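FYI, side chains are in, hydrogens and waters are out, and symmetry mates aren't considered; it's all heavy atoms of this structure. Because the structure is a prediction, the values reported are computed rather than measured. Residue numbering restarts at 1 for every chain, and letters A, B, ... go by the order of the sequence lines.
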2 protein chains.
Amino acid sequence: MKNPTGHDIADALGLLLRRSTRARVYTRLTEGLGEAVDELTYPVLSGLARTGPYSAADLGREIGLDRTTVTRRADRLEQAGLLRRQPDPADGRATLLALTDDGRTAVEATRQRLATGIEESLATWPQADAQAFARLLRRFVDEGPFAAGQD
Amino acid sequence: MKNPTGHDIADALGLLLRRSTRARVYTRLTEGLGEAVDELTYPVLSGLARTGPYSAADLGREIGLDRTTVTRRADRLEQAGLLRRQPDPADGRATLLALTDDGRTAVEATRQRLATGIEESLATWPQADAQAFARLLRRFVDEGPFAAGQD
DNA sequence: GGAAAAGCGTGCGCCGAGCACGCTAATCTG
DNA sequence: CAGATTAGCGTGCTCGGCGCACGCTTTTCC
């Protein structure tokens, strides 16, 4: 074959994009954070960590979900104490969703777990390979065919 | 920070794992293949392409879905002519799901689209970088924290 | 040869998602 | 500045996918 590189990468990416892969990773990363945090609610937490206090409608646009879906996921997170609703001081109609300290901790723990898992699997790699991989993956994701994301 | 590599990779992978990324990729790759092929039914097609003719129960185990879910997705694909049911000659109870020629074509087209998209985005890369990326990504996926997949 | 097990499709209940509604508050307009 | 329009919110409702449980047929086991 003339250029097998594309197919090689496609195979690997195909695996990463699988539903079961996603489910497995989410399950592992959110384990023990309370049953309110799962594959469905985590994107709301994570989104808020990126944006800061945000309205349900804006957050929905940000992460590619319907406004009402965000509202209901936020309900669960609020009840679990990971998220707080507060009136927008600048707009009497709006309600801002904001992470609590527990919420921030949960997001941070999840991210740390992922990073740790990656580092562990890279531990046996030559350092040059690991650094090259990080650099190339970053570039690929930024400019590649999947760029510009939500959720 | 001592070892930022893990976090760098984590950020990039986080993006790839997002629901919206997955949805966008699937939509683009299965566009025009008929409305029977979507994010839900494609894994069945793709799984069958890997396994060859297979029972619903076995395929379900393979791709991490309930047997009945496979059956119903197969119904749609069968109606669209991408899949065929045939009695298992070795077992009178079993029904084998098998791709038709159209089904094989659809899977092949999808894979080709993904590979092409990747190659296009790599076109501007130094060839050595592209090859290194393919090699490192493959290794990472095989031995990394996400290894062993279904779906 | 009879009982247990394995395969299949389908009815049923559950849950998540989006639409539509009613309400309140802000913004626009004449 | 008052009325109308727009924007934001939560919730009732419907639709669709999923898994469990059932009934049936065929195979396997003792």
Specify the separation, in whole Å, of atom CD of B/Gln86 and atom C1' of C/dG7.
16 Å
Side-chain donor or acceptor of A/Arg22 paired with backbone N/O of B/Arg22 under 3.5 Å
no
Walking DNA chain C from its 5' end, the first of B/Asp58 and B/Asp75 to be reached, judged by nearest nucleotide, is B/Asp58
State plainly whether one hydrophobic cluster holds both B/Trp125 and B/Leu114, where clusters connect Ile, Leu, Val, Met, Phe, Trp and Tyr through side-chain heavy atoms under 4.5 angstrom apart.
yes
Is A/Val70 linked to A/Leu96 within one hydrophobic cluster, defined over Ile, Leu, Val, Met, Phe, Trp and Tyr using a side-chain heavy-atom separation of less than 4.5 Å?
no
Write down the distance between CG (A/Asp88) and P (D/dA7), rounded to a whole number of angstrom.
16 Å
What is the separation between atom CD on B/Glu39 and atom P on D/dG16, rounded to the nearest whole Å?
17 Å
Quick check on side-chain contact (heavy atoms from CB on, under 4.5 Å): which of A/Asp102, A/Thr100, A/Thr41 does A/Leu77 satisfy it with?
A/Thr41
For the pair B/Thr69 (side chain) and B/Leu65 (backbone), establish whether a donor and an acceptor sit closer than 3.5 Å, ignoring hydrogens and angles.
no
Whole-Å distance separating the CG atom of B/Leu59 from the P atom of C/dG9:
12 Å
Should the pair A/Asp75-A/Arg85 be classified as a salt bridge under the 4.0 Å nitrogen-to-oxygen rule?
yes
Ion pair check, A/Asp142 and A/Arg139, cut-off under 4.0 Å
no
Heavy-atom contacts, protein to nucleotides 17-22 of chain D, under 4.0 Å, summarised as B (base), S (sugar-phosphate only) or - (none) per nt, yield SSBBB-
Would you mind checking if A/Asp38 and A/Arg73 are paired as a salt bridge, meaning a charged N to carboxylate O distance below 4.0 Å?
no
Could you tell me whether A/Asp66 and A/Arg61 have a side-chain N and a carboxylate O separated by less than 4.0 Å?
no
Please work out whether the ring planes of B/Phe133 and A/Phe133 are parallel, tilted or perpendicular, with thresholds of 30° and 60°.
parallel
Below the 4.0 Å mark, does D/dC9 have OP1 or OP2 next to a side-chain nitrogen or oxygen of A/Thr95?
no
Tell me the bend of the helix from C/dG1-D/dC30 to C/dG30-D/dC1 as the angle between end helix axes, each from five pairs, rounded to the nearest 10 degrees.
20°
What are the atom names and distances for every N/O pair under 3.5 Å that joins the protein to nucleotides 28-30 of chain D?
none

Carboxylate-amine/guanidinium contact A/Arg50 A/Glu62, below 4.0 Å
yes
Nearest-Å distance, CG (A/Leu77) to P (C/dG16)?
13 Å
